[in-house]
Amino acid sequence: MKPVIALVGRPNVGKSTLFNRITKSRDAIVADFAGLTRDRHYGDARLGGREFIVVDTGGFEPEKPSGVVAEMAKQTRQAVAEADVVVFVADLRAGVSAQDHDIARFLRTQQKKVILAVNKAEGMAESPLLAEFHELGIGEPHPLSASHGQGVRSLLEAALEDFDFGDEDEEGAEPDADAPIRLAVAGRPNVGKSTLINAWLGEERLVAFDQPGTTRDAIKVSLEREGRRFELIDTAGLRRKGKVFEAIEKFSVVKTLQAIADANVVVLMVDATVGVSEQDAHIAGYVLESGRAVVLALNKWDATDEYQRQQLQRSIESRLAFLKFAPLLQISAKKRTGLTALWKAILHAHASATVKMPTPVLTRLLIDAVQHQAPRRDGAFRPKMRYAHQGGMNPPLVVIHGNSLDHITDAYKRYLEGRFREHFKLVGTPMRIEFRSSKNPFDDRSP
């Protein structure tokens with residue numbers, strides 16, 4: 001599971017700027033006034049070969065329990081509960097405030113690894129002003145400048161030093177044939193994930209084991225069905241009651257993101273009586289970005305009328321248009337209908353994600369596709385594709401070699417993908433095509 005780093009601190013100390021710097025994105029809105037970020041914001045990040053999740057939070061004011069500020073504080077407490085490491089962001093130029101002391105006092109009670117990041121320290125890494133931050137009692141301050149990128153790498157090295165990332169399979173690596181299929185069930189709260197899991201376990205009467213504990217513990221259940229082994233990565237909250245927040249117990253975004261990243265196949269459950277929500281679309285987008293095979297399960301199908309089914313179809317077409325490759329199953333987890341077809345779709349999606357595509361077959365398909373419809377000429381450039389080979393699995397990656405391939409349009413790329421999908425009968429998995437143009441030996445010569 002990817003480690004989770006939460007950024008906390010009082011308003012306007014640069015948490016969102018640091019979030020954008022770490023995730024190499026502009027996902028968090030940044031402006032020079034306090035209180036802009038109110039909700040938790042999640043992003044993927046990488047340091048070398050190490051991947052982790054970053055959580056940006058609103059300004060933390062633990063001593064003001066009213067209004068929007070109280071909601072922001074609640075969001076921050078939840079982010080801290082979900083995190084493996086907490087980065088406490090302070091402002092060097094503003095110095096230590098009473099609010100910083102309040103936050104430090106709260107963090108010392110949480111039994112989490114806390115790292116103190118002192119922001120806005122450009123050109124002041126050796127400043128004596130850093131000394132006063134020792135009085136917060138949470139360790140050595142790390143001076144950095146989120147806006148300039150100074151000191152950010154050393155901060156992340158310190159945050160990740162205790163984690164064993166092991167020799168995890170890189171994306172696209174050939175899977176072990178004997179390894180169980182990792183299956184994640186995702187979806188918004190109350191969509192029926194627990195009911196589906198219980199239906200599977202009750203149907204097969206299998207021994208399930210879990211690892212209960214804190215909110216972010218991975219709950220994995222072993223399943224065996226028709227000779228195939230599965231490892232179910234649960235996001236439904238099948239864990240013992242503990243001292244955790246009720247909101248996190250119901251639904252943890254971090255838990256779902258970690259489960260998706262760790263899975264081979266994701267069952268995305270949608271409540272057929274409600275339709276596709278914005279949260280469903282966000283989860284689906286993350287599945288696509290992660291390159292995971294996906295099956296859409298429309299639960300509570302038996303409770304819908306014709307009008308609801310028409311509305312559901314429209315919401316799928318508008319919000320999940322990017323998942324056209326995913327099979328669509330109508331199920332009722334409560335009445336256990338449609339589950340056999342769901343299992344078949346899961347196996348088909350996994351087989352598609354791990355399919356082996358021989359180089360001669362790919363090259364022949366490529367040549368046939370070009371003969372049927374050649375890529376459009378772009379000015380003086382005429383793209384010429386020579387051969388193709390498989391570059392990885394889960395998701396399938398096809399690497400095409402030739403000349404001037406950077407001039408191939410997205411439309412032609414989709415055309416090629418369609419030809420490959422049709423031949424290999426790929427269902428339920430995204431597919432990636434990478435173009436590699438031959439290097440011109442004269443490019444490096446001086447005129």
Side-chain angles (χ1 to χ4, degrees), residues 4-47 52-64 68-69 71-73 75-80 82-83 85-104 106-107 112-136 138-160:
V4 181
I5 298 176
L7 309 178
V8 304
R10 57 189 172 82
N12 212 31
V13 293
K15 297 184 297 298
S16 294
T17 306
L18 181 58
F19 175 89
N20 288 345
R21 175 69 63 176
I22 293 172
T23 58
K24 297 180 175 63
S25 71
R26 288 185 170 181
D27 288 349
I29 300 171
V30 177
D32 191 20
F33 61 87
L36 189 65
T37 305
R38 291 186 175 177
D39 299 316
R40 283 170 291 165
H41 198 89
Y42 299 85
D44 268 332
R46 177 192 292 265
L47 184 67
F52 54 98
I53 294 171
V54 189
V55 187
D56 181 26
T57 64
F60 193 22
E61 303 183 45
E63 301 303 317
K64 294 186 179 180
V68 174
V69 175
E71 281 302 310
M72 290 162 62
Q75 292 281 335
T76 302
R77 288 192 183 93
Q78 291 176 354
V80 170
E82 292 177 332
V85 180
V86 178
V87 174
F88 176 17
V89 185
D91 185 339
L92 177 62
R93 298 177 189 271
V96 178
S97 69
Q99 200 173 331
D100 288 328
H101 280 285
D102 292 338
I103 297 169
F106 166 75
L107 293 177
K112 299 274 183 179
K113 178 177 178 178
V114 180
I115 294 180
L116 177 59
V118 184
N119 193 25
K120 306 181 185 179
E122 51 270 22
M124 303 174 68
E126 305 296 328
S127 172
L129 293 174
L130 282 168
E132 68 174 302
F133 287 90
H134 285 276
E135 68 187 55
L136 293 174
I138 52 176
E140 186 74 23
H142 290 257
L144 60 90
S145 171
S147 58
H148 294 84
Q150 299 168 1
V152 175
R153 185 179 181 88
S154 60
L155 171 76
L156 295 177
E157 291 283 1
L160 298 172

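All values reported here derive from a predicted model rather than from experimental measurement.
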Between Val118 and Leu129, does the side chain to side chain contact (heavy atoms under 4.5 Å, CB included) criterion hold? Intermediate values first, please. CA-CA 10 Å; Val118 184; Leu129 293 174; over 6 Å; no
Main-chain N/O of [Y] paired with [X] side-chain donor or acceptor, under 3.5 Å:
{"X": "Asn119", "Y": "Ala146", "value": "yes"}
{"X": "Thr23", "Y": "Ala45", "value": "no"}
{"X": "Asp100", "Y": "Ser97", "value": "yes"}
{"X": "Arg21", "Y": "Ser147", "value": "yes"}

[X] [atom1] to [Y] [atom2] distance, which is reported to the nearest 0.5 Å:
{"X": "Lys120", "Y": "Leu92", "atom1": "NZ", "atom2": "CG", "result": "10.0 Å"}
{"X": "Asp102", "Y": "Arg10", "atom1": "CG", "atom2": "CZ", "result": "11.0 Å"}
{"X": "Ile115", "Y": "Glu157", "atom1": "CD1", "atom2": "CD", "result": "10.5 Å"}
{"X": "Ile5", "Y": "Ile53", "atom1": "CD1", "atom2": "CD1", "result": "10.5 Å"}
{"X": "His142", "Y": "Leu156", "atom1": "NE2", "atom2": "CG", "result": "10.5 Å"}
{"X": "Asp44", "Y": "Phe52", "atom1": "CG", "atom2": "CZ", "result": "9.5 Å"}

Electrostatic pair Arg93-Glu122, nearest N-O below 4.0 angstrom: yes
Note: Asp56-Lys15 ion pair, threshold 4.0 Å (strictly below): no
Qualifying residue for side-chain contact (heavy atoms from CB on, under 4.5 Å) with Val4, from Val85, Val54, Val55: Val55
Quick one, Arg153 and Leu47 - any side-chain contact, counting heavy atoms below 4.5 Å? yes
If you compare all heavy atoms of [X] against all heavy atoms of [Y], which two are closest, and at what distance to 0.1 Å?
{"X": "Val8", "Y": "Thr57", "answer": "CA-OG1, 3.7 Å"}
{"X": "Lys113", "Y": "Ala158", "answer": "NZ-O, 2.8 Å"}
{"X": "Gly9", "Y": "Ile103", "answer": "C-CD1, 3.8 Å"}
{"X": "Gly139", "Y": "Leu116", "answer": "O-CD2, 4.3 Å"}
{"X": "Lys112", "Y": "Ala83", "answer": "NZ-O, 2.7 Å"}

Side chain to side chain contact (heavy atoms under 4.5 Å, CB included) evaluation trace for His101 with Leu136: CA-CA 6 Å; His101 280 285; Leu136 293 174; 3.8 Å; yes
